[in-house]
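The structure appears right after this line, and notes come after that.
For this chain, numbers begin at 1 and follow the sequence in order.
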Amino acid sequence: MPKGYVVARAKVTDATKWAAYAAKASEAIKQYGGTPIVRGGQMTVAEGEGRARNIVIEFADFASAKAYASSPEYAEARKLREGAGELDIVVVEGV
């Protein structure tokens, strides 16, 4: 069965609020069996438009990744992120 991934690109404008969001989101990630593969770090835009912070979280399957992204636990974390920046998130199936 293919793995599932949550892929996000972020622009952080309030580091304090973002840190509170990240801590709460990390709890939900663990609860849904996710493993962070990429969280920030160096990046170079090779093509198109990039954002300074990139996140990739691996899950056992697509259903688990989707469950995390739409979970009430993650919704609580998302509330903490309000006013902390911009974020694009997609849930994708691996190969």
Side-chain angles (χ1 to χ4, degrees):
M1 178 181 305
K3 294 191 178 197
Y5 297 87
V6 171
V7 180
R9 300 175 332 124
K11 176 182 176 186
V12 178
T13 56
D14 184 325
T16 302
K17 284 184 180 181
W18 196 274
Y21 155 73
K24 191 73 167 174
S26 291
E27 293 173 14
I29 290 166
K30 288 178 189 173
Q31 184 174 345
Y32 286 84
T35 301
I37 304 297
V38 176
R39 270 195 167 165
Q42 291 187 53
M43 64 82 77
T44 298
V45 178
E47 195 171 326
E49 182 181 334
R51 290 203 178 162
R53 185 161 178 79
N54 299 280
I55 302 100
V56 178
I57 306 164
E58 182 180 75
F59 291 84
D61 51 42
F62 181 74
S64 297
K66 198 171 160 186
Y68 158 76
S70 61
S71 72
E73 295 84 2
Y74 180 69
E76 289 179 26
R78 192 170 49 237
K79 288 178 190 174
L80 297 174
R81 192 185 71 227
E82 291 178 11
E86 300 171 17
L87 184 64
D88 296 320
I89 298 176
V90 296
V91 179
V92 297
E93 185 177 61
V95 293

Would V6 and V56 satisfy side-chain contact (heavy atoms from CB on, under 4.5 Å), going step by step from the backbone distance to the final call?
CA-CA 6 Å; V6 171; V56 178; over 6 Å; no
Could you state the interatomic distance from OG1 (T35) to CD (E58), rounded to the nearest 0.5 Å?
6.0 Å
Under 4.0 Å between a Lys/Arg side-chain N and an Asp/Glu carboxylate O for R51 and E86?
yes
For K17 and A84 the tightest heavy-atom approach is CB-CB, 3.5 Å
Closest non-hydrogen atoms of L87 and I89, given as atom of the first, atom of the second and distance, are CD2-CD1, 3.5 Å
Determine the minimum heavy-atom distance between A65 and V91, stating which atoms define it.
CB-CG1, 3.7 Å
So, S64 side chain and A60 main chain: donor-acceptor pair closer than 3.5 Å or not?
no
Just how far is it from atom CZ of R81 to atom CH2 of W18, taken to the nearest 0.5 Å?
5.5 Å
Work out which heavy atom in V38 is nearest to a heavy atom in N54; give both atom names and the distance.
CG1-O, 3.4 Å
Ring-ring centroid check F59 Y68, cutoff 6.0 Å
yes
To the nearest 0.5 angstrom, please state how far the OG1 atom of T16 sits from the CG atom of L80.
12.5 Å
Any chain of hydrophobic side-chain contacts (each under 4.5 Å) joining V7 to I37?
yes
Any idea which heavy atoms bring D14 and G83 closest together, and the distance?
CB-O, 3.9 Å
Could you grab the distance from atom NZ of K3 to atom CD of E93, nearest 0.5 Å is fine?
13.0 Å
Considering all heavy atoms of both residues, which atom of S26 and which atom of R39 are nearest to each other, and what is their separation?
OG-NH2, 2.9 Å
Would K24 and E76 count as a side-chain contact (heavy atoms from CB on, under 4.5 Å) here? Give the steps.
CA-CA 8 Å; K24 191 73 167 174; E76 289 179 26; 3.4 Å; yes
Ignoring hydrogens and angles, state whether a donor on the side chain of E73 or Y32 is under 3.5 Å from an acceptor on the partner side chain.
yes
Derivation of the side-chain contact (heavy atoms from CB on, under 4.5 Å) call for Q31 and I29:
CA-CA 5 Å; Q31 184 174 345; I29 290 166; over 6 Å; no
